[in-house]
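First the structure, in the form of structure tokens, and then the observations on it.
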Amino acid sequence: MSNRKPPVNQDRIIMIPSFAAENSKIDDNNNFFIGLFDGHDDQGHEIASYASKEIPAQIASKLHHQDKSPTPNEMTQIVTETFRNVDANAPFIGGGCTAM
């Protein structure tokens, strides 16, 4: 019998219907957020969990400060800034995550 721990599912997926519609000036109620977070290395599951919470929370916060629905270029900038911020502030615990 092996002393190895059973493998941990390191991946996370989330779907948030009506994303950022509540208490927002954005008039499109047909929006949603889908995220896939592929954890890897020893603590990938921890980083994937962190990213799956932080990314939608930070994007929603930025959208709540918009006066109107963002243009595609503005949305690209919001997502890019969020990914960079989450990456820079993720705990360094021996794991990583690829997010889509």
Side-chain angles (χ1 to χ4, degrees):
M1 201 164 216
S2 173
N3 289 332
R4 294 179 69 179
K5 293 180 183 177
V8 174
N9 181 350
Q10 295 190 317
D11 303 336
R12 303 293 181 265
I13 186 167
I14 59 171
M15 197 269 186
I16 304 171
S18 299
F19 181 72
E22 188 175 317
N23 300 321
S24 176
K25 295 177 185 173
I26 297 173
D27 57 6
D28 182 7
N29 288 326
N30 294 319
N31 59 66
F32 55 90
F33 182 94
I34 295 176
L36 174 62
F37 306 87
D38 178 17
H40 46 83
D41 212 355
D42 291 339
Q43 298 297 315
H45 57 288
E46 295 292 339
I47 301 300
S49 290
Y50 170 81
S52 71
K53 294 173 187 162
E54 284 297 312
I55 289 173
Q58 290 186 28
I59 291 173
S61 176
K62 290 174 182 170
L63 291 175
H64 284 294
H65 293 94
Q66 297 285 317
D67 291 332
K68 58 181 177 45
S69 294
T71 66
N73 285 341
E74 291 169 335
M75 194 67 213
T76 297
Q77 182 177 357
I78 288 169
V79 171
T80 300
E81 288 174 0
T82 300
F83 271 57
R84 288 180 177 155
N85 185 51
V86 170
D87 184 52
N89 292 294
F92 186 72
I93 56 174
C97 172
T98 302
M100 297 184 4

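These numbers come from the heavy atoms of this one structure, side chains and all, not from hydrogens, waters or symmetry mates.
- Taking CD1 from I55 and OG1 from T82, the interatomic distance works out to 8.0 Å, rounded to the nearest 0.5 Å.
- For C97 against A51, the heavy-atom pair with the smallest separation is SG-CB, 4.2 Å.
- Other residues sharing the hydrophobic cluster of I93, ordered by chain and number and joined by side-chain separations under 4.5 Å: I47.
- Sorted by first and then second residue, the pairs that involve residues 40-56 and meet side-chain hydrogen bond (donor to acceptor under 3.5 Å, both in side chains), not counting sequence neighbours, are R12-S49, E54-Q58.
- Annotation: side chain of K62 is not in contact with side chain of E74 (no heavy-atom distance under 4.5 Å).
- Summarising the geometry, atom OG1 belonging to T71 is positioned 9.0 Å from atom CD belonging to Q77; distances are rounded to the nearest 0.5 Å.
- Here side-chain hydrogen bond (donor to acceptor under 3.5 Å, both in side chains) pairs that include residues 88-100, with residues two or more places apart or in two chains, are N85-N89.
- Other residues, nucleotides and ligands contribute over 12 non-hydrogen atoms within 6.0 Å of the CE atom of M15.
- Two residues are said to be in side-chain contact when any heavy atoms from C-beta on lie closer than 4.5 Å; I78 and I59 meet this criterion.
- A99 and F37 make their closest contact through CB-CD2, 3.5 Å (heavy atoms, listed as atom of the first residue, atom of the second, distance).
- A 4.5 Å side-chain heavy-atom check between I16 and F32 finds every atom pair outside the cut-off.
- With hydrogens and angles disregarded, a donor-acceptor distance shorter than 3.5 Å links the side chain of T76 to the backbone of P72.
- By the 4.5 Å heavy-atom criterion applied to side chains, P70 and L63 are counted as neighbours.
- Each of L36 and F33 belongs to its own hydrophobic cluster when Ile, Leu, Val, Met, Phe, Trp and Tyr are linked at side-chain heavy-atom distances under 4.5 angstrom.
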